[in-house]
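Remember, it's a predicted structure, so these values are computed and weren't measured experimentally.
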There are 2 protein chains.
Amino acid sequence: MAKTNQKWHERFRDRGLRFTQPRRVILDVLDNTADHLSAEEIYMRVHKKYPNIGLTTVYRNLITLERMGIVTKFHFGDGCHRFELIENKKKPDHHHHLVCTGCKRIIDYDDFMDEEIEYIKKVESALSRKHSFNITDHVIQFYGLCKKCKAA
Amino acid sequence: MAKTNQKWHERFRDRGLRFTQPRRVILDVLDNTADHLSAEEIYMRVHKKYPNIGLTTVYRNLITLERMGIVTKFHFGDGCHRFELIENKKKPDHHHHLVCTGCKRIIDYDDFMDEEIEYIKKVESALSRKHSFNITDHVIQFYGLCKKCKAA
DNA sequence: TTAATAATGATAACCGGTAGCAATTAGTAA
DNA sequence: TTACTAATTGCTACCGGTTATCATTATTAA
Ligand SMILES: [Mn+2]
Ligand SMILES: [Mn+2]
Ligand SMILES: [Zn+2]
Ligand SMILES: [Zn+2]
């Protein structure tokens, strides 16, 4: 914990940013969940222990964390953005998402990552050449109904 | 044009829905562009020729068209939804998207669709089994910088 | 310790999208 | 054609997620 904080501290310092209490707390929340939390959900968890930290601060820092490459922002089709710590021990390193359109549950999966990486490489190199594009990221999501929602 | 309208008319009638002027106009806009328009952009094009058609009507009908499977709704990371006619002569049938995070340009591509369909099938069957999921849809998007935005 | 300034928190504003509702219109049956 | 009925429209007000403002506070390097 202490050493992790040390690591975060350095990453902020290297950019001329400060390692504030709100940032510490937000990172702690994100590191201790396997969920894909919205800004408000993060705020509520933060608020429980630190009621003086504001919602705006959470929003602002999520943007900052995304810019720093610490957090990834997703859009799963409900009306808000959801966030995930990139280096989170509770999750597979490189994974994608399976989303239930009924109950909105989100499942991380990393099956067939080898095939996928191969496919992605192919597409990326072809599209890079064809369109002079510099591809930096991708989104792959599957939508459907989970067991419960199928039955209901 | 006339026969196409006839076809639309039938699809609406089959569901007990009416083929109204706003719907005609919205479909016309969507069929005559290769772009991925937002609701407001569609509204503006509609508004030029039919200033009496309201924005709310456009929003409502886009939902209807999506439910009917005539239109697909996307989210590319700018703050709005974008829509595309599924059967549009100006576009490849089954395609995915390349998005410039700089200028927000969206490129349709259908390279490597065979490989992709194979990969998707594999993942879908594996995930369906593993999580008892009924997969109905997927999103695959590549993000990066286009030629111009790279240079700038 | 202190000065410089990054960051915060409260509030108000913004913006894409919806709900409510009276007025209109498309489709059907006479 | 006409009349009827329910679907649809176009206002307007409203909503929820997110962002701008700005005076105040807290972090950090010197
Ligand atoms: Mn995840
Ligand atoms: Mn497209
Ligand atoms: Zn579900
Ligand atoms: Zn660009």
Side-chain angles (χ1 to χ4, degrees), chain A residues 5-6 8-27 29 36-68 70-71 73-83 104, chain B residues 5-6 8-27 29 36-68 70-71 73-83 104:
Chain A
N5 271 351
Q6 188 53 35
W8 292 135
H9 201 314
E10 283 164 19
R11 287 190 75 168
F12 283 100
R13 198 183 46 213
D14 291 351
R15 296 202 171 211
L17 302 177
R18 297 172 180 179
F19 192 45
T20 61
Q21 194 197 46
R23 285 173 181 170
R24 224 183 302 259
V25 178
I26 291 167
L27 284 169
V29 166
H36 304 77
L37 301 175
S38 69
E40 288 227 22
E41 288 167 349
I42 293 167
Y43 167 69
M44 288 189 297
R45 298 195 185 190
V46 164
H47 189 76
K48 273 182 198 160
K49 291 214 156 191
Y50 300 83
N52 48 320
I53 294 176
L55 176 58
T56 311
T57 299
V58 172
Y59 271 106
R60 260 186 313 231
N61 280 313
L62 287 169
I63 294 169
T64 303
L65 291 172
E66 200 204 353
R67 286 221 186 94
M68 294 173 72
I70 290 173
V71 150
K73 181 168 76 175
F74 294 97
H75 192 88
F76 294 114
D78 54 346
C80 62
H81 291 110
R82 297 185 170 277
F83 300 85
K104 314 299 179 193
Chain B
N5 271 352
Q6 188 52 37
W8 292 135
H9 202 313
E10 284 165 18
R11 287 190 75 168
F12 282 100
R13 198 181 47 211
D14 291 350
R15 296 201 170 212
L17 302 177
R18 296 173 180 180
F19 192 45
T20 62
Q21 193 196 44
R23 286 175 181 167
R24 227 181 300 258
V25 178
I26 291 167
L27 283 169
V29 166
H36 303 78
L37 301 175
S38 69
E40 287 226 21
E41 287 167 350
I42 293 167
Y43 168 68
M44 288 189 299
R45 299 196 185 190
V46 165
H47 188 76
K48 272 181 200 159
K49 291 215 155 190
Y50 299 83
N52 47 320
I53 294 177
L55 177 58
T56 310
T57 299
V58 172
Y59 272 109
R60 261 187 312 232
N61 279 315
L62 287 169
I63 294 170
T64 303
L65 291 172
E66 201 205 352
R67 287 222 184 93
M68 293 174 73
I70 291 174
V71 150
K73 182 168 76 177
F74 295 97
H75 192 90
F76 294 115
D78 55 345
C80 63
H81 290 109
R82 296 185 170 277
F83 299 85
K104 315 296 179 195

* At under 4.0 Å between heavy atoms, what does B/L62 touch on the DNA or RNA strands: base, sugar-phosphate, or nothing? -> nothing
* To do: Run the numbers on A/L62 and A/H81 for side chain to side chain contact (heavy atoms under 4.5 Å, CB included), then give the verdict.
  => CA-CA 10 Å; A/L62 287 169; A/H81 291 110; over 6 Å; no
* **N or O in side chain of B/Y59 less than 4.0 angstrom from C/dG17 OP1/OP2** => yes
* Please determine if a side-chain N or O atom of B/N52 lies less than 4.0 Å away from the OP1 or OP2 oxygen of D/dC11. => no
* Structure fact -> Taking D/dG10, C/dT8, C/dG16 as options, the one with an atom nearest any side-chain atom of B/E40 is C/dG16
* To do: State which of C/dG17, C/dT18, D/dT18 makes the closest approach to the side chain of A/A39.
  => D/dT18
Between [atom2] of [N] and [atom1] of [X], the distance in whole Å:
X     : N      : atom1 : atom2 : value
A/I63 : C/dA7  : CD1   : P     : 13 Å
A/Y50 : D/dA26 : OH    : P     : 15 Å
A/R23 : D/dT25 : CZ    : C1'   : 14 Å
B/I26 : D/dT8  : CD1   : C1'   : 12 Å
A/D14 : D/dT28 : CG    : C1'   : 14 Å
B/D78 : D/dG17 : CG    : P     : 19 Å
B/R82 : C/dG16 : CZ    : P     : 10 Å
B/N61 : C/dG17 : CG    : P     : 15 Å

* Structure fact -> Sorted by chain and residue number, the side chain to side chain donor-acceptor pair (under 3.5 Å) partners of A/H47 (sequence neighbours excluded) come out as A/Y43
* **Partners meeting side chain to side chain donor-acceptor pair (under 3.5 Å) with A/Y59 (sequence neighbours left out)** => none
* Does CZ in A/R67 sit with more than 12 non-hydrogen atoms of other residues, nucleotides or ligands closer than 6.0 Å? -> no
* Give a yes or no on this: more than 12 heavy atoms of other residues, nucleotides or ligands lie within 6.0 Å of atom CZ of B/R11. => yes
* Decide yes or no for B/L65 and B/L27: does some side-chain heavy atom of the first lie under 4.5 Å from some side-chain heavy atom of the second? => yes
* Asked: Would you call A/R24 and A/F19 a side-chain contact if the rule is heavy atoms closer than 4.5 Å?
  -> yes
* Of B/I53 and A/H81, whose nearest nucleotide on DNA chain D comes first from the 5' end? -> B/I53
* Structure fact -> 5' to 3', nucleotides 20-28 of chain C under a 4.0 Å protein heavy-atom cut-off (B base, S sugar-phosphate only, - none) gives B----BBS-
